[in-house]
Amino acid sequence: QVQVVESGGGLVQAGGSLRLSCAASISIFSINTMGWYRQAPGKQRELVAHITTDGSTNYADSVKGRFTISRVYAKNTVYLQMNSLKPEDTAVYYCNAAQGLTLYWGQGTQVTVSS
């Protein structure tokens, strides 16, 4: 069973930056895709960004040019660098790992952006 743990959330002012970390319990070489989702109050969970083992990435239109997803294989970790944060980025951010047809979710980390 794959486990993923998020960290790095917090409170930041608009225009600031934050880096989220997602640590997997196994080598991320064995994971097809790792990504970040977020869920704001009263909203559905939505894709923020994901990355595959071949390095391919996808981003939500709302974060393109501001967020960057990356991986460090030696740490079994995927990062989400968030720059130029906006109040509308406020949400609980969840890490997701896909192995075969199975999805694994982290516990979530709160990101709050003040105006």
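Throughout, numbering of the chain's residues begins at 1 and tracks the sequence. On a predicted model such as this, the values are computed, not experimentally measured, just so you know.
Every residue meeting the side-chain contact (heavy atoms from CB on, under 4.5 Å) condition with E46, not counting sequence neighbours, appears here in chain and number order: R38. When the salt bridge (Lys or Arg N to Asp or Glu O under 4.0 Å) test is applied to K43, no partner is found at least two apart in sequence or on another chain. Residues passing the side chain to side chain donor-acceptor pair (under 3.5 Å) test with S114, sequence neighbours excluded: none. Shown here are the salt bridge (Lys or Arg N to Asp or Glu O under 4.0 Å) partners of R19, two or more places apart in sequence or in another chain: there are none. The salt bridge (Lys or Arg N to Asp or Glu O under 4.0 Å) search around D54 returns none, not counting sequence neighbours.
Each disulfide bond (SG atoms under 2.5 Å apart) pair with one or both residues in residues 30-71, not counting sequence neighbours, would appear here, but there are none. Annotation: salt bridge (Lys or Arg N to Asp or Glu O under 4.0 Å) contacts involving residues 94-115, sequence neighbours excluded, are absent. Among pairs with a residue in residues 45-77, none fulfils disulfide bond (SG atoms under 2.5 Å apart), at least two apart in sequence or across chains. Evaluation of the disulfide bond (SG atoms under 2.5 Å apart) test over residues 24-66, restricted to residues two or more places apart or in two chains, returns none. Among pairs with a residue in residues 49-104, those fulfilling disulfide bond (SG atoms under 2.5 Å apart) read C22-C95, at least two apart in sequence or across chains. Pairs passing the salt bridge (Lys or Arg N to Asp or Glu O under 4.0 Å) check and including a residue from residues 102-115, sequence neighbours excluded, do not occur.
A continuous path of Ile, Leu, Val, Met, Phe, Trp and Tyr side chains, each step under 4.5 Å between heavy atoms, connects V92 with Y37, placing both in one hydrophobic cluster. Residue I26 is grouped with residue V4 when hydrophobic side chains (ILVMFWY) are merged at heavy-atom distances under 4.5 angstrom, including chains of intermediate members. Transitive grouping of hydrophobic side chains (ILVMFWY, heavy atoms separated by less than 4.5 Å) keeps V113 and Y94 in distinct clusters. Grouping the Ile, Leu, Val, Met, Phe, Trp and Tyr side chains by contacts below 4.5 angstrom, directly or via other members, places I51 apart from Y79.
Closest of all the heavy-atom pairs between Y93 and F67 is OH-CE2, 4.1 Å. Nearest heavy-atom pair across W36 and I69 is CD1-CD1, 3.9 Å. Nearest heavy-atom pair, A14 versus S115, reported as atom, atom and distance to 0.1 Å: CB-CA, 4.3 Å. When every heavy atom of Q99 is checked against every heavy atom of V2, the shortest pair comes out as OE1-CG2, 3.6 Å. The shortest heavy-atom contact between A40 and T90 is CB-O, 3.7 Å.
Heavy-atom neighbours of E88 CD from other residues, nucleotides or ligands within 6.0 Å: above the threshold of 12.
Aromatic ring centres of F29 and Y73 lie closer together than 6.0 Å.
Taking OG1 of T53 as the reference point, atom CD1 of I31 lies at 10.0 Å (rounded to 0.5 Å). Distance OG1/T33 to CD1/I28: 11.5 Å, rounded to 0.5 Å.
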For residues 105-112, which side-chain donor-acceptor pairs fall under 3.5 Å, sequence neighbours excluded?
from	atom 1	to	atom 2	distance (Å)
Q107	NE2	E6	O	3.0
Q107	NE2	E6	OE1	3.4
T109	OG1	G9	N	3.1
Q110	NE2	A91	O	3.4
Q110	NE2	T112	OG1	3.3

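Salt bridge status for D89 with K86: absent, with no side-chain N to carboxylate O gap under 4.0 Å.
A donor-acceptor pair under 3.5 Å is absent between the side-chain atoms of N76 and the main chain of A23, judged by distance alone.
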